[in-house]
2 protein chains.
Amino acid sequence: MTDYLPHPPVEYIALPAVLTALGDETRLAIIAILARNGERAMTCGQFLQFGSKTAISYHVAKLREAGIIHVRPEGTKRLLTLRRSDLESRFPGFLDTVIASTAATLPYNSPDMPEAAQFAGE
Amino acid sequence: MTDYLPHPPVEYIALPAVLTALGDETRLAIIAILARNGERAMTCGQFLQFGSKTAISYHVAKLREAGIIHVRPEGTKRLLTLRRSDLESRFPGFLDTVIASTAATLPYNSPDMPEAAQFAGE
DNA sequence: CTTAATGTTCAATGATCCTTGAACTAATGA
DNA sequence: TCATTAGTTCAAGGATCATTGAACATTAAG
């Protein structure tokens, strides 16, 4: 059964929920890395440095329910992508400023992080 | 005793703490109104529409501890101001995009709110 | 001095959060 | 078929959150 996960439609994405979802270091680290990874999807397994399988599953669900990421099952994996354009249309500029801010302040922002396209730079 | 309240210095303002503090409808409403009020300080009493005295005191403390607002005692009142320039220097563009986003989505954004200078417009 | 105005502090309460480990499901591969 | 990979679900736990009412502190005003 092609079991699609529930995602809020763009017009239902709420600012307090988004802020709450991002107000956690683990989830902030996840979206920062997703952003730095450009359009390429990532899997839950790529975030195990930040917690147990259970913890990552929990945080990914929070991000999905808030409307920040999209999760698509593929085989036994889940492909995670930022809902960049949805967030941009709903809260213009918001995500980019958050991503840019994480660069300066995140403890998880270690040198061994995957460096990819610069954020905010399309 | 000129009892000053503790405020984090600008370099200690942390993104997760700021996001968490803003991830609450009452606090979001408070900062949205403060922003629309320009440079003018406001008092706790002006936010009693959003909760009891105790509740407002609690939320104001959260905003202060996160580094989002500055609180200065004056007489029996507290004068609240947004730490606009501190936030701008630490997380460029962030506060403005949040304020702008509240305009579209806040339930507290009722027609009987004090309309003042546009936000983001200095 | 007395009263009113403006907030703070405290203890209690119920709700929500984040983590953990064990058990589980679903898809892949030998 | 059997084992592996990838992730979910569940119940339990401790922590933090947001609200309330009562009591309190401080300043201002009469």
Side-chain angles (χ1 to χ4, degrees), chain A residues 1-7 14 16-31 33-34 40-66 68-81 106-108, chain B residues 1-7 14 16-31 33-34 40-66 68-81 106-108:
Chain A
M1 173 163 165
T2 334
D3 180 39
Y4 284 107
L5 299 157
H7 294 81
V18 168
L19 290 164
T20 297
L22 294 179
D24 174 276
E25 296 203 356
T26 299
R27 294 192 292 262
L28 210 42
I30 291 173
I31 67 106
I33 293 181
L34 276 174
R40 281 158 296 179
M42 299 183 71
T43 67
C44 293
Q46 295 184 264
F47 299 103
L48 290 178
Q49 49 182 162
F50 301 131
S52 64
K53 275 194 310 180
T54 309
I56 299 304
S57 183
Y58 169 78
H59 288 302
V60 163
K62 287 277 176 184
L63 290 168
R64 173 178 53 76
E65 288 160 8
I68 298 170
I69 67 176
H70 187 266
V71 184
R72 172 166 54 97
E74 183 150 304
T76 114
K77 305 189 178 183
R78 302 288 180 271
L79 297 186
L80 316 180
T81 49
L106 264 196
Y108 288 142
Chain B
M1 174 164 168
T2 333
D3 180 39
Y4 284 105
L5 298 158
H7 294 80
V18 167
L19 291 164
T20 297
L22 294 179
D24 174 276
E25 295 204 356
T26 299
R27 294 193 291 262
L28 210 43
I30 290 174
I31 68 106
I33 292 181
L34 276 174
R40 281 157 296 178
M42 297 183 71
T43 67
C44 294
Q46 295 184 265
F47 299 102
L48 291 179
Q49 48 183 164
F50 301 130
S52 64
K53 276 194 308 181
T54 307
I56 299 304
S57 183
Y58 169 78
H59 288 301
V60 163
K62 288 277 175 184
L63 289 168
R64 173 178 53 76
E65 289 159 9
I68 299 170
I69 67 175
H70 187 266
V71 184
R72 172 167 52 97
E74 183 150 306
T76 114
K77 304 187 178 183
R78 302 288 181 270
L79 298 186
L80 316 181
T81 50
L106 265 195
Y108 288 144

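Only a predicted model underlies this, so the values are computations on that prediction, with no experimental measurement involved. Within every chain, numbering begins at 1; the chains are lettered A, B, ... in the order of the sequence lines, protein sequences first and strands thereafter.
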Enquirer: Is His59(A) close enough to dC17(C) that one of its side-chain N or O atoms is under 4.0 Å from OP1 or OP2 there?
Expert: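 For dC17(C), neither OP1 nor OP2 has a side-chain N or O of His59(A) closer than 4.0 Å.
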
Enquirer: What is the distance, rounded to the nearest whole Å, between atom CG of Leu28(B) and atom P of dA18(D)?
Expert: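 From Leu28(B) CG to dA18(D) P: 13 Å.
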
Enquirer: Under the side-chain contact (heavy atoms from CB on, under 4.5 Å) rule, collect the residues that match up with Ser52(A), sequence neighbours excluded.
Expert: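 Ser52(A) satisfies side-chain contact (heavy atoms from CB on, under 4.5 Å) with Thr54(A), Ala55(A) once adjacent residues are dropped.
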
Enquirer: Quick one: Phe47(A) CZ to dC18(C) P, roughly how many Å, whole number?
Expert: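 Result: 17 Å.
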
Enquirer: Could you pick out which residue, Ser52(A) or Glu74(A), lies toward the 5' side of DNA chain C when each is mapped onto its nearest nucleotide?
Expert: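 By nearest-heavy-atom nucleotide position, the 5'-most residue is Ser52(A).
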
Enquirer: Go through the structure and list residues passing side-chain contact (heavy atoms from CB on, under 4.5 Å) with Thr81(B), not counting sequence neighbours.
Expert: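 side-chain contact (heavy atoms from CB on, under 4.5 Å) check on Thr81(B) returns Ala41(B), His70(B).
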
Enquirer: How far apart are the C-alpha atoms of Ile33(B) and Gln49(B), what are their side-chain angles, what is the distance that settles it, and do they pass the side-chain contact (heavy atoms from CB on, under 4.5 Å) test?
Expert: CA-CA 12 Å; Ile33(B) 292 181; Gln49(B) 48 183 164; 3.9 Å; yes

Enquirer: Measure CD/Glu25(A) against C1'/dT19(C) and give the value in whole Å, please.
Expert: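 Value for this atom pair: 15 Å.
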
Enquirer: In chain order, what residues pass the side chain to side chain donor-acceptor pair (under 3.5 Å) check against His7(A), with sequence neighbours excluded?
Expert: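 His7(A) satisfies side chain to side chain donor-acceptor pair (under 3.5 Å) with no other residue.
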
Enquirer: Assign a letter to each nucleotide of nucleotides 5-17 of chain D from its 5' end: B, base within under 4.0 Å of a protein heavy atom; S, sugar-phosphate only; -, no contact.
Expert: BSBBBB------S

Enquirer: With sequence neighbours excluded, tell me which residues meet side-chain contact (heavy atoms from CB on, under 4.5 Å) with Thr43(B).
Expert: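 Here the qualifying residues are Gln46(B), Lys77(B), Leu79(B).
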
Enquirer: Rounded to whole angstrom units, what separation is found between the CZ atom of Phe50(B) and the C1' atom of dA18(D)?
Expert: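 Those two atoms, CZ and C1', are 16 Å apart.
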
Enquirer: Show every salt bridge (Lys or Arg N to Asp or Glu O under 4.0 Å) that has at least one partner inside residues 49-65 of chain B, sequence neighbours left out.
Expert: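 For residues 49-65 of chain B: none.
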
